[in-house]
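Below is one structure; the comments refer to it alone.
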Amino acid sequence: MQFTSTRRTLSLESAQVITKGISEDGGLFVPRTFPRLSDELISRMAAMDYQERAKTVLSLFLTDFTAAEIERCVKGAYTGTFENDDPAPLVEVAPGMNLLELWHGPTCAFKDMALQLLPYLLTTAAAKTAPGRTMVILVATSGDTGKAALDGFADVENTRIIVFYPQDGVSPMQKLQMTTQTGGNVAVSAIYGNFDDAQTGVKNIFADADMKKFLAEKNMEFSSANSINFGRLVPQIVYYVSAYCDLIRTGRIKAGETFNVTVPTGNFGNILAAVYAKYMGVPIAKLICASNRNNVLTDFIRTGTYDRNRPFHTTTSPSMDILISSNLERMLYHLSGNDEELVAGLMKQLKSDGRYTIPADMLTKLQQEFYGGFCDDRAASATIAELFRQRHYLCDTHTAVAVNVYEQYVRETGDRKPCVIASTASPYKFAKAVLSAVEPEAAADNEFAMVDELSEVTGTKIPAPLANLKDRAVLHKSCVKQAEMAGFIRDFLSR
């Protein structure tokens, strides 16, 4: 398996791609070809547990890893770290509507699915490509990636991890998860601004020549735990393949029968993993891209124009409060027939003008694959209440956006194929919004009182990782401007 960049032709193996994180030309790494899952292999995988499925999929992409290395990585990531040792249960909430619960890990969000595995992949890859170097994991987060990355990399040998998050752009629970993180190799700082400011700052630091020289002098090298790193994407491909296997295993569909997938997404990484599963032969019919009020992706899918020149909205689904969807660059590359010059030009326009428009033939392909929709906070709240009242199923705000947009799609098209909806976080991570949806008269006035009241009102259990936060000390109190991020990094790495 060879990888290239979205902006120029390269030929790299997976260990190099995972270690680097992002290409030196600013592009993202993508497979030059996609492996195919035969009907016979899918039939065998349907009978496997999640770990065996993960090893099977990973081995098709990480061909420079040995079978023993892949087994060590998978066992380390998925043994004893997820509730009931079942990382991605598929729950049929209503006929044809299946919620893929991706939040049973240590930080109660879907990022655990990849970020419990990435430290194993990265340290294995670095031993092949950069032996003896310390890998510096640099992360911009809209909430969930930061904590999941911190949890995965804390005290991992030969790594340091630095996380930046928007000061007022994450939920209180998300902030507390990050600011109480222990570990001798971790640093966390808020920034003044939104997630796009944090993400732009991180990208600029990756490309900064003086920072590269500083790292080289310390025998260090940057890598990324954001979904720009292919090592983040490949574990996410696994759970869509696994969902298809579970649909077959439980008799909800027959082998080869098509189904739809709905994903709440801001950075386009989680839905791109479903695209890659489709490229491997998983019979996904329509990819339903669900956005909140920051509906830049909806507009793009409907018009072919990507325009981030618009108001930024802080919503109750903060992990989707994004106007620059990094992983969309990979999708553009595939839609264009692997035209790296076209992609580089579009990204240049985005940087200079804040917008670009794709050619008509690309828009046709995009709309054949995707449906784009969005809903605001009020609609998401109503969806939470309705799903709980009618199905006694409690979901978080991001999942509610996905359910709402899926229902819009069904009303608009009449397409009632079975659907897998990515459920991306525990409702308890966003207790204030979820509680106000199911109990508008709730009296709780602080985060943990809200968590307790939500449990009492709904008869659901508080996840242990969140309940245990209550008495933890806040260890990280920094807040910097975007221009001060590089200095924060230098200070931390010089200790």
Side-chain angles (χ1 to χ4, degrees), residues 3-7 17-18 20-23 25-31 34 61 102 109-111 113-115 118 138-146 148-149 195-196 198-200 202-203 206 223-240 261-279 284 287-292 294-301 306 308 319-336 338 340 342-344 346-347 350-351 356 358 362 365-366 369-370 372 398 402 422 424:
F3 295 79
T4 187
S5 166
T6 51
R7 301 189 193 181
V17 164
I18 291 170
K20 289 177 179 293
I22 190 171
S23 178
D25 53 55
L28 305 185
F29 293 118
V30 292
F34 283 87
F61 286 98
L102 302 171
F110 82 99
K111 306 294 177 74
M113 300 295 298
L115 286 166
L118 183 60
L138 188 57
V139 179
T141 184
S142 55
D144 288 333
T145 289
F195 169 75
D196 290 330
Q199 182 169 249
T200 299
V202 164
K203 284 185 175 180
F206 261 102
S223 190
S224 173
N226 285 88
S227 55
I228 57 174
N229 192 323
F230 189 79
R232 261 283 303 276
L233 274 178
V234 68
Q236 294 178 273
I237 299 169
V238 174
Y239 53 70
Y240 291 111
V261 169
T262 303
V263 185
T265 187
N267 216 16
F268 208 77
N270 200 4
I271 199 165
L272 183 71
V275 173
Y276 283 4
K278 182 174 182 176
Y279 288 172
I284 297 170
L287 292 142
I288 301 166
C289 181
S291 300
N292 62 18
N294 294 294
N295 59 342
V296 64
L297 286 170
T298 304
D299 288 347
F300 173 65
I301 292 167
Y306 191 98
R308 65 172 173 83
S319 296
M320 299 160 65
D321 290 348
I322 295 170
L323 293 180
I324 304 175
S325 303
S326 292
N327 272 288
L328 187 59
E329 180 172 344
R330 286 182 165 113
M331 195 69 239
L332 295 175
Y333 178 80
H334 301 305
L335 289 170
S336 69
N338 305 346
E340 63 263 26
L342 173 63
V343 173
L346 293 175
M347 293 302 99
L350 182 64
K351 186 173 183 179
Y356 59 80
I358 59 175
M362 285 178 64
K365 292 178 185 177
L366 178 71
E369 296 274 0
F370 292 90
H398 304 74
T424 54

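Reckoned from all heavy atoms, side chains included, excluding hydrogens, waters and symmetry mates. Everything numeric in this text was worked out from a predicted model, so none of it was measured.
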Ring centroids only, cut at 6.0 angstrom: are H334 and Y279 within range, meaning strictly under it?
yes
When rounded to the nearest 0.5 Å, the distance separating CG of D196 from OG1 of T200 is 6.0 Å
Please confirm whether F61 and F230 have ring centers closer than 6.0 angstrom.
yes
Indicate yes or no: at least one non-hydrogen side-chain atom of V263 is less than 4.5 angstrom from one of Y240.
yes
For R308, all residues meeting salt bridge (charged side-chain N to carboxylate O under 4.0 Å, His left out), sequence neighbours excluded
none
CD1 (I322) and CG (L328) are apart, to the nearest 0.5 Å, by 12.0 Å
Do you know the tightest heavy-atom contact between N270 and Q236?
OD1-NE2, 3.6 Å
Please round to the nearest 0.5 Å and tell me the distance separating atom CD of E329 and atom CZ of R7.
4.0 Å
Please round to the nearest 0.5 Å and tell me the distance separating atom CZ of R330 and atom OG1 of T6.
7.5 Å
Which pair of non-hydrogen atoms, one from A422 and one from A402, has the smallest distance, and what is that distance?
O-CB, 4.5 Å
Note, T4 side chain near F29 side chain (heavy atom, < 4.5 Å)
no
Minimum heavy-atom distance between A148 and L115, given as atom pair plus value
CB-CD1, 3.5 Å
Mind running side-chain contact (heavy atoms from CB on, under 4.5 Å) on L297 and F268 for me, showing each step along the way?
CA-CA 8 Å; L297 286 170; F268 208 77; 3.9 Å; yes
Partners meeting side-chain contact (heavy atoms from CB on, under 4.5 Å) with K203 (sequence neighbours left out):
Q199, S326
Evaluate E340 against D25 for side-chain contact (heavy atoms from CB on, under 4.5 Å), listing each step before the verdict.
CA-CA 11 Å; E340 63 263 26; D25 53 55; over 6 Å; no
Counting only N and O atoms by type, is there a donor-acceptor contact under 3.5 Å from the side chain of S336 to the main-chain atoms of L332?
yes
Considering non-hydrogen atoms only, spot the tightest contact between G266 and S325 and give its length.
O-OG, 2.6 Å
Residues in salt bridge (charged side-chain N to carboxylate O under 4.0 Å, His left out) contact with D144, at least two apart in sequence or another chain
K429
With N226 as reference, evaluate V139, N327, T141 under the side-chain contact (heavy atoms from CB on, under 4.5 Å) test and give the passing residue.
V139
Would you say the side chain of D321 lies within less than 4.5 Å of the side chain of N292, judging by non-hydrogen atoms?
yes
Say you draw a straight line from CG of N267 to CG of L323; how long is it, rounded to the nearest 0.5 Å?
11.0 Å
dist F300:CZ -> Y306:OH (nearest 0.5 Å) comes out at 9.0 Å
Looking at every non-hydrogen atom in both residues, tell me the closest pair between N294 and S291 and how far apart they are.
O-CB, 4.1 Å
Report the residues that fulfil side-chain contact (heavy atoms from CB on, under 4.5 Å) with I22, sequence neighbours left out, ordered by chain and then residue number.
L28, F206, I228
Would you please name every residue forming a side-chain contact (heavy atoms from CB on, under 4.5 Å) with I301, sequence neighbours left out?
C289, L366, F370
Of all heavy-atom pairs between G231 and N229, which one has the smallest distance, and what is that distance?
N-OD1, 2.8 Å
Taking salt bridge (charged side-chain N to carboxylate O under 4.0 Å, His left out) as the test, write out the residues that go with E369, two or more places apart.
K278
